[in-house]
Amino acid sequence: MKDASGNVIYVGKAKKLRNRLRSYFGGGKITHPKVAAMVSHVADFEYVVVGSEAEALLLESNLIKRYMPQYNILLRDDKSYPYVCITLNEEYPRVFKAFRPDEKIKKAGGKYYGPYMNADLFGTMKAIEEIFPLKRCHKVFPRDIGKERPCLNSHIGKCMAPCSGSVKAEDYRKMIFDIVAFFEGRYDGIIDEINSEMMAAAERLDFERAAVLRDRLTALNNITRSQKVFLEIERDVDAVGVFSQGGETCIRKLELRAGRIVGSSTYFMNGDQSPMSEIVTSFITQYYSGAGTVPPTVIVPSLDEDGDLELLGEFLSSEAGRKVRVYTPERGEMHDLLKMAQLNAQEMMVRRVLRGGGSGADPAAGMRVLERFLGVPENSLHRAESYDISNLGNDDICSGMVVFKDGKPDRQSYRLFKMKTVLEQDDFASMRETLSRRFSHDEKDGFAYPDIILVDGGKGQLSAVCSVVRSLDIDANIKIIGMVKNNRHRTAGIVTEDGREYMLEKENPSDDDVVLLRFLSAVQNEVHRFAVTYQRRLSKKRNIKYKLENIKGIGPAKRKALLSELGSIKAVEDSSVEELTKVKGITSTDAKEIFDYFHPEEED
């Protein structure tokens with residue numbers, strides 16, 4: 001599809017071109033906002049006929065990369081994601097960071113692993129340096145062998161020193177293949193090999209060499225302990241998680257190799273209302289086209305009726321040169337792995353929204369939009385506060401206050417409130433107590449007044465907050481607005497104290513709409529998380545208290561002594577009578593009562 005100036009604004013594929021075009025231009029109502037906006041700009045189109053659906057998918061992927069059309073879902077972020085390149089095509093292979101795969105190196109037999117987040121890659125390269133005696137200099141072998149003396153790393157066992165001329169190419173390549181196994185998650189063979197070599201060095205009384213090998217083994221064991229063994233059967237799987245919010249969609253890909261999660265990648269796509277089939281298809285065709293490795297299995301979220309998992313499998317099979325299966329697991333360990341990927345995608349989106357978008361974004365941009373809408377001077381809004389009530393029925397009634405300074409969360413200023421006067425579930429009464437207690441403090445107490453209060457709710461909640469704040473004797477011009485949600489419980493706009501509304505545009509959002517949506521979503525998510533976390537902590541504390549104080553003879557003081565000495569209620573449950581009597585203040589009678597309470601089947 002092209003606009004009036006001839007720019008390509010959308011690339012798509014279709015089994016039947018007539019039906020596809022009729023859906024755009026047949027005169028019927030277009031329900032999807034993005035499609036409606038696109039069609040309004042289409043002035044011309046052209047098409048290419050190919051031999052199969054798989055060819056169409058590949059051509060679509062290549063054309064999207066070439067033209068980067070405005071209305072296609074595009075992988076994007078603020079920076080390129082680096083790879084690790086291992087030049088197995090060379091006599092003395094190199095291991096280095098690369099920002100994109102080189103087709104010449106790949107065709108010659110080189111391998112690429114990734115892409116990685118920069119922080120992940122830094123940790124991976126540090127681990128390689130700790131475990132393997134890999135050269136770190138820029139010498140080229142065999143050209144530079146014997147030209148200079150070996151460096152300090154060779155003397156402390158950190159480098160094999162191929163520059164000395166005493167290391168055979170096949171020995172160095174053997175170590176490189178161990179690094180390949182490391183990237184593919186096959187640690188067991190490496191651990192066995194290092195352990196055997198360490199024992200042999202100890203038997204030769206070469207304790208210096210044994211110590212170097214011991215340190216390598218410790219570094220490798222630390223990595224394996226930090227990685228969860230997810231599947232009992234050793235398999236290589238990529239799990240693709242998807243989460244949409246704030247005008248964007250986050251893709252989080254977890255890499256499972258030999259049953260362990262060994263890596264992850266995070267990408268963002270423009271738009272948050274596209275069908276799941278379009279999101280997943282766009283990600284797979286753009287990410288795996290030219291990727292260093294494609295595992296035999298890729299699991300994805302459930303697609304809508306337009307999704308074609310079999311076609312995606314064909315596409316990946318052509319990229320990998322072998323059979324690749326793409327499917328949605330319904331149960332079992334694979335289902336759990338997919339849920340983990342979905343949760344990771346949500347966490348990454350929350351993190352991105354909290355910082356106001358990508359790393360290059362202005363975190364205060366949302367505040368500037370609010371200033372323009374409210375008609376206040378530029379840079380007059382700096383501190384924003386929001387409050388949320390949380391409870392479990394009539395129990396654990398509490399609230400949380402979050403503070404954003406110039407668009408960024410200021411966690412040192414967060415506050416928690418446990419209700420003192422509200423004894424039953426009443427959100428309006430709880431909000432009144434929260435605000436009264438909060439505004440009983442001012443700058444002298446370290447509680448600077450906010451420039452603006454963001455109320456999570458519509459006109460009813462806004463009116464309740466305004467009535468409390470305006471009734472207080474506060475010498476501050478505090479702006480108060482409500483964050484309005486739609487019937488899908490997503491942020492839809494804002495409303496002011498005097499009834500003015502700013503509804504965020506869905507079909508063709510402006511830059512201001514996107515910026516404000518991100519900021520409001522960040523505030524709402526953060527205040528809700530903060531309040532709910534506190535409520536759960538109170539609930540847990542109450543349950544522990546009630547459980548122990550149900551035991552005959554155990555009151556608050558003895559409960560506190562038990563938890564202080566043993567650490568947790570589980571430890572109390574697992575303790576014997578003898579161990580319980582060692583706790584200060586616990587008599588033998590108390591210990592017997594506690595033990596019998598947790599082990600009723602063992603009573604005489």
Side-chain angles (χ1 to χ4, degrees), residues 76-78 242-252 266 268-273 343-374 381-390 399-416 450-458 461-462 465 479-486 488-495 502-506 509-534:
R76 59 191 176 87
D77 201 56
D78 314 296
V242 180
F243 185 78
S244 298
Q245 189 183 62
E248 286 186 306
T249 293
C250 176
I251 306 286
R252 180 75 163 176
T266 306
F268 294 92
M269 291 177 160
N270 50 321
D272 65 348
Q273 296 181 344
L343 179 61
N344 271 267
Q346 181 176 350
E347 290 295 323
M348 291 300 101
M349 178 58 79
V350 169
R351 175 175 175 268
R352 182 175 174 87
V353 169
L354 276 175
R355 70 182 193 189
S359 59
D362 177 10
M367 298 290 268
R368 304 290 84 83
V369 175
L370 289 174
E371 287 168 350
R372 290 192 289 273
F373 173 65
L374 295 172
L381 300 181
H382 297 282
R383 179 180 172 115
E385 291 184 3
S386 188
Y387 319 92
D388 192 30
I389 308 299
S390 185
S399 64
M401 176 187 99
V402 300
V403 178
F404 280 66
K405 287 185 178 178
D406 293 318
K408 292 183 178 180
D410 180 24
R411 292 183 172 84
Q412 290 185 341
S413 299
Y414 287 13
R415 294 294 185 271
L416 293 165
D451 300 307
I452 186 169
I453 294 175
L454 304 174
V455 181
D456 188 12
Q461 291 88 339
L462 176 63
V465 171
K479 305 297 181 185
I480 308 176
I481 64 170
M483 298 180 286
V484 182
K485 294 183 179 179
N486 58 22
R488 297 171 63 191
H489 207 64
R490 290 189 176 184
T491 306
I494 55 176
V495 58
Y502 176 0
M503 303 310 293
L504 302 174
E505 183 62 46
K506 293 181 180 179
S510 65
D511 290 341
D512 278 358
D513 289 348
V514 173
V515 166
L516 185 58
L517 178 59
R518 284 179 181 162
F519 177 61
L520 297 178
S521 298
V523 173
Q524 287 177 311
N525 290 337
E526 184 69 350
V527 70
H528 180 70
R529 177 200 65 80
F530 192 55
V532 168
T533 300
Y534 183 45

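Numbers here are sequence positions counted from 1.
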Quiz item: What's the spacing between D406 CG and H382 NE2 if we round to 0.5 Å?
Solution: 6.0 Å
Quiz prompt | Audit row: R415, E385, salt bridge (Lys or Arg N to Asp or Glu O under 4.0 Å) steps and yes/no | solution = CA-CA 11 Å; R415 294 294 185 271; E385 291 184 3; over 6 Å; no
Self-check item: Partner residues of S390 under the side-chain hydrogen bond (donor to acceptor under 3.5 Å, both in side chains) criterion, sequence neighbours left out
Solution: none
Quiz item: Should L454 and Q524 count as side-chain neighbours, where that means a heavy-atom distance under 4.5 Å?
Solution: no
Quiz item: Does the pair R411/E526 count as a salt bridge with the N-to-O cut at 4.0 Å?
Solution: yes
Exercise. Test side-chain contact (heavy atoms from CB on, under 4.5 Å) on V369 and F519 and set out the steps.
Key: CA-CA 10 Å; V369 175; F519 177 61; over 6 Å; no
Quiz item: Any idea which heavy atoms bring A531 and G400 closest together, and the distance?
Solution: CB-N, 3.8 Å
Exercise. Can you spot which of V455, V495, I494, I453 makes a side-chain contact (heavy atoms from CB on, under 4.5 Å) with I481?
Key: I494
Quiz item: Which value, rounded to the nearest 0.5 Å, describes the distance between M367 atom CE and K405 atom NZ?
Solution: 11.5 Å
Practice problem: Measure the spacing between CG of D456 and OH of Y387 and express it to the nearest 0.5 Å. | Solution: 13.0 Å
Quiz item: How are the rings of Y502 and F373 set to each other: parallel, tilted or perpendicular (split at 30° and 60°)?
Solution: tilted
Quiz prompt | Shortest non-hydrogen contact between R383 and S413, atoms and distance | solution = NH1-OG, 4.0 Å
Quiz item: Do you see a donor-acceptor pair shorter than 3.5 Å between the side chains of H528 and D388?
Solution: yes
Practice problem: Please name all residues satisfying side-chain hydrogen bond (donor to acceptor under 3.5 Å, both in side chains) with Q346, sequence neighbours left out, ordered by chain then number. | Solution: none
Quiz item: Quick one: does L516's side chain get under 4.5 Å of L520's, heavy atoms only?
Solution: yes
Quiz item: Which pair of heavy atoms, one from Y534 and one from S399, lies closest together, and at what distance?
Solution: CD2-O, 4.3 Å
Quiz prompt | Test side-chain contact (heavy atoms from CB on, under 4.5 Å) applied to R529 and V402, step by step | solution = CA-CA 10 Å; R529 177 200 65 80; V402 300; over 6 Å; no
Quiz item: Got R372 and D512 here, is their nearest side-chain heavy-atom distance under 4.5 Å?
Solution: yes
Self-check item: Closest non-hydrogen atom pair between T249 and S244, with its separation
Solution: OG1-OG, 2.7 Å
Quiz item: Would you say the side-chain atoms of R368 pair up with the backbone N or O of L381, donor to acceptor, closer than 3.5 Å?
Solution: yes
Quiz item: So do F404 and S386 actually touch side chain to side chain, heavy atoms under 4.5 Å?
Solution: no
Quiz item: What's the shortest heavy-atom distance between C250 and A345, and which atoms?
Solution: SG-O, 3.5 Å
Quiz item: Stepwise, does the side-chain contact (heavy atoms from CB on, under 4.5 Å) test hold for L416 with F530?
Solution: CA-CA 8 Å; L416 293 165; F530 192 55; 3.4 Å; yes
Quiz prompt | CE on M483 to CG on L517, rounded to 0.5 Å | solution = 12.0 Å
